[in-house]
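Just so we're on the same page: letters track the sequence lines, and every chain starts at 1.
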Number of protein chains: 2
Amino acid sequence: MGYKIGEVARKVGCKVETIRFYEKAGLLPEPSRSAGNFRLYSDSHLEQLRLIRHCRSLDMSLDTIRNLLKLRLHAAENCREINDLVDAHICRVEAQMKLLTHLRGSLQKLRSQCSGPEASGTCEILLELSGCECHGAGVGS
Amino acid sequence: MGYKIGEVARKVGCKVETIRFYEKAGLLPEPSRSAGNFRLYSDSHLEQLRLIRHCRSLDMSLDTIRNLLKLRLHAAENCREINDLVDAHICRVEAQMKLLTHLRGSLQKLRSQCSGPEASGTCEILLELSGCECHGAGVGS
DNA sequence: CTTGACTCTATAGTTACTAGAGGGATTGTA
DNA sequence: TACAATCCCTCTAGTAACTATAGAGTCAAG
């Protein structure tokens with residue numbers, strides 16, 4: 001009765017430790033235990049774990065997923081909020097894309113500074129990198 | 001003689017703790033000390049710190065920056081390697097962009113599943129999220 | 001009854017910082 | 001000279017989302 005953790009990991013395609021981690025992080029309810037203290041998961045656990053992994057593959061944070069799981073408890077009434085949550089995540093992804101596009105531009109410009117070995121005495125790339133002051137914010141995953 | 005750490009932080013535009021962190025991480029050489037054990041930085045420290053911050057703003061890892069600093073010791077001879085390092089970083093950025101583009105597509109498709117409140121009894125978004133198994137790798141900053 | 005595969009808990013490591021505790025140094029003012 | 005404000009010091013712990021290890025217990029097959 002119930003799947004052991006290794007079985008679940010195989011079915012869902014993640015590591016055993018990740019499952020235990022989600023439990024401690026409050027994303028997956030504690031399953032029942034066997035006589036020998038092994039975790040025994042139900043189909044609903046399996047489904048919830050798949051949801052979590054799917055959301056993670058879409059790069060949602062665990063916090064966002066926690067919110068989604070709360071909303072799921074009354075999915076019908078929370079239709080609006082669920083859509084908002086997904087929209088907010090799309091916004092985050094697009095913001096990241098914009099940052100990366102900008103970054104790539106800067107890098108390509110930097111790269112083009114190089115006039116080849118022995119052309120000049122110095123490395124133009126290093127010159128540019130240490131020259132100006134930058135207050136960049138990084139990409140922040 | 002030499003700038004105190006707060007002064008350097010102000011000039012470069014980062015936090016005092018960040019500077020100490022770079023020292024411990026081996027990115028910034030240990031500066032001399034005052035009689036009262038305060039760090040005293042030179043202009044070359046300042047320049048190197050600016051280089052580090054610029055690279056960080058381009059989202060290079062500290063490890064990549066460490067490599068770049070090593071190459072910088074003999075910049076003229078290492079022209080090729082410096083270019084390679086920048087190219088490799090551009091590749092990483094482009095890989096991330098590709099992932100995000102894919103992600104956005106998936107999210108938009110997911111979002112479009114919603115047929116509005118009260119249209120159907122269930123939430124199509126949640127259905128899709130917990131339905132299929134996904135072996136996604138995440139975006140990995 | 002032993003071997004091997006599985007599971008358990010608890011802890012430390014990863015990245016690039018940031019924030020805090022608990023103290024000492026320096027500077028300006030009264 | 002006393003005192004407060006502001007700086008600086010070291011050390012430790014926290015962040016996100018896991019991953020990896022140690023050291024122990026459980027279970028099925030041979």
Side-chain angles (χ1 to χ4, degrees), chain A residues 1-28 30-41 45 49 52-69 89 92 96 134-141, chain B residues 1-28 30-41 49 52-69 89 92 96 135-141:
Chain A
M1 293 300 296
Y3 318 105
K4 280 190 284 179
I5 198 167
E7 214 175 336
V8 173
R10 231 174 305 114
K11 273 177 199 287
V12 172
C14 70
K15 305 216 165 186
V16 165
E17 296 85 11
T18 306
I19 301 176
R20 286 197 282 249
F21 169 75
Y22 287 153
E23 182 182 325
K24 233 195 288 185
L27 287 160
L28 210 49
E30 296 190 21
S32 56
R33 298 281 183 139
S34 73
N37 200 32
F38 288 10
R39 288 173 178 81
L40 292 178
Y41 293 95
H45 282 106
L49 181 54
I52 295 168
R53 292 306 290 171
H54 196 154
C55 289
R56 286 295 300 136
S57 83
L58 294 170
D59 203 35
M60 290 187 195
S61 71
L62 297 190
D63 217 51
T64 299
I65 300 171
R66 247 185 298 266
N67 282 337
L68 187 61
L69 289 171
H89 185 60
R92 277 191 293 273
Q96 249 191 84
C134 54
H135 309 282
V139 91
S141 177
Chain B
M1 296 298 298
Y3 317 105
K4 280 190 284 180
I5 197 167
E7 213 175 336
V8 173
R10 234 173 301 115
K11 274 177 201 284
V12 172
C14 70
K15 305 217 168 185
V16 164
E17 295 86 11
T18 307
I19 300 176
R20 286 197 281 250
F21 170 75
Y22 287 153
E23 183 182 323
K24 233 196 289 186
L27 286 161
L28 211 49
E30 297 191 20
S32 56
R33 299 281 182 139
S34 72
N37 200 33
F38 287 11
R39 289 174 178 81
L40 292 179
Y41 292 95
L49 181 54
I52 295 168
R53 292 306 290 169
H54 196 152
C55 289
R56 285 296 300 135
S57 83
L58 294 170
D59 205 34
M60 289 186 196
S61 70
L62 297 190
D63 216 51
T64 299
I65 299 173
R66 245 185 299 266
N67 281 337
L68 187 61
L69 289 171
H89 186 58
R92 277 192 292 274
Q96 250 192 83
H135 308 282
V139 90
S141 180

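The side chain of Tyr22(A) contributes an N or O atom lying less than 4.0 Å from OP1 or OP2 of dC18(D).
Atom CD of Glu30(B) is separated from atom P of dT10(D) by 9 Å (rounded to the nearest Å). What separates CZ of Arg33(B) from P of dC7(D) is a distance of 19 Å, to the nearest Å. In this structure, the NZ atom of Lys15(B) is 14 Å from the P atom of dC8(D), given to the nearest Å. Atom CD1 in Ile65(A) sits about 8 Å away from atom P in dA17(D), given to the nearest Å. The separation between Asp63(A) atom CG and dA17(D) atom C1' is 12 Å, rounded to whole Å. Between the P atom of dA20(D) and the CZ atom of Phe21(A) lies a distance of 14 Å, rounded to the nearest Å. Distance CD (Glu23(A)) to P (dA17(D)): 18 Å, rounded to an integer number of Å. A straight line from CG of Leu58(A) to C1' of dA17(D) spans 16 Å, rounded to a whole angstrom.
When all heavy atoms of His89(B) and Asp59(B) are compared, the closest pair comes out as CE1-O, 3.1 Å. Nearest heavy-atom pair, Cys14(B) versus Ile19(B), reported as atom, atom and distance to 0.1 Å: SG-CG1, 3.7 Å. The minimum heavy-atom distance linking Gly26(B) with Arg66(B) is given by the pair O-CG, 4.4 Å. Between Pro31(A) and Leu40(A), the shortest heavy-atom contact is CB-O, 3.3 Å. Pairing each heavy atom of Arg56(A) with each of Met60(A), the nearest pair is NH1-O, 2.6 Å.
Counting heavy atoms from C-beta on, the side chains of Leu49(A) and Lys11(A) never come closer than 4.5 Å. Using a 4.5 Å cut-off on side-chain heavy atoms (C-beta onward), Ser34(B) and Lys4(B) make no contact. The side-chain heavy atoms of Leu28(A) and Arg20(A), taken from C-beta on, include no pair separated by under 4.5 Å. Residues Leu27(B) and Phe21(B) fail the side-chain proximity criterion, which asks for heavy atoms closer than 4.5 Å.
Across the interface with DNA chain D, nearest-nucleotide mapping of Met60(A) and Lys24(B) shows Lys24(B) to be the residue nearer the 5′ end.
A side-chain N or O of Arg53(A) and one of Tyr22(A) form a donor-acceptor pair less than 3.5 Å apart.
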What one-letter contact string describes nucleotides 21-30 of chain D from 5' to 3', where B marks a base within less than 4.0 Å of any protein heavy atom, S marks contact via sugar-phosphate atoms alone, and - marks no contact? ----BSS---

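With a cutoff of under 4.0 Å to any heavy atom of chain A, the contacted region of DNA chain C is bounded 5' to 3' by dT7(C) to dT11(C).
Partners of Ser61(B) by side-chain contact (heavy atoms from CB on, under 4.5 Å), not counting sequence neighbours, listed by chain and number: Asp63(B), Thr64(B). For His45(A), the ring pair (Phe, Tyr, Trp, His ring centres under 6.0 Å) partners two or more places apart in sequence, or in a different chain, are Tyr41(A).
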Pairwise N/O distances under 3.5 Å, protein to nucleotides 2-6 of chain D:
none

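Direction of the helix axis in the helix from dC1(C)-dG30(D) to dA30(C)-dT1(D) shifts by 30° between the two five-pair termini, rounded to 10°.
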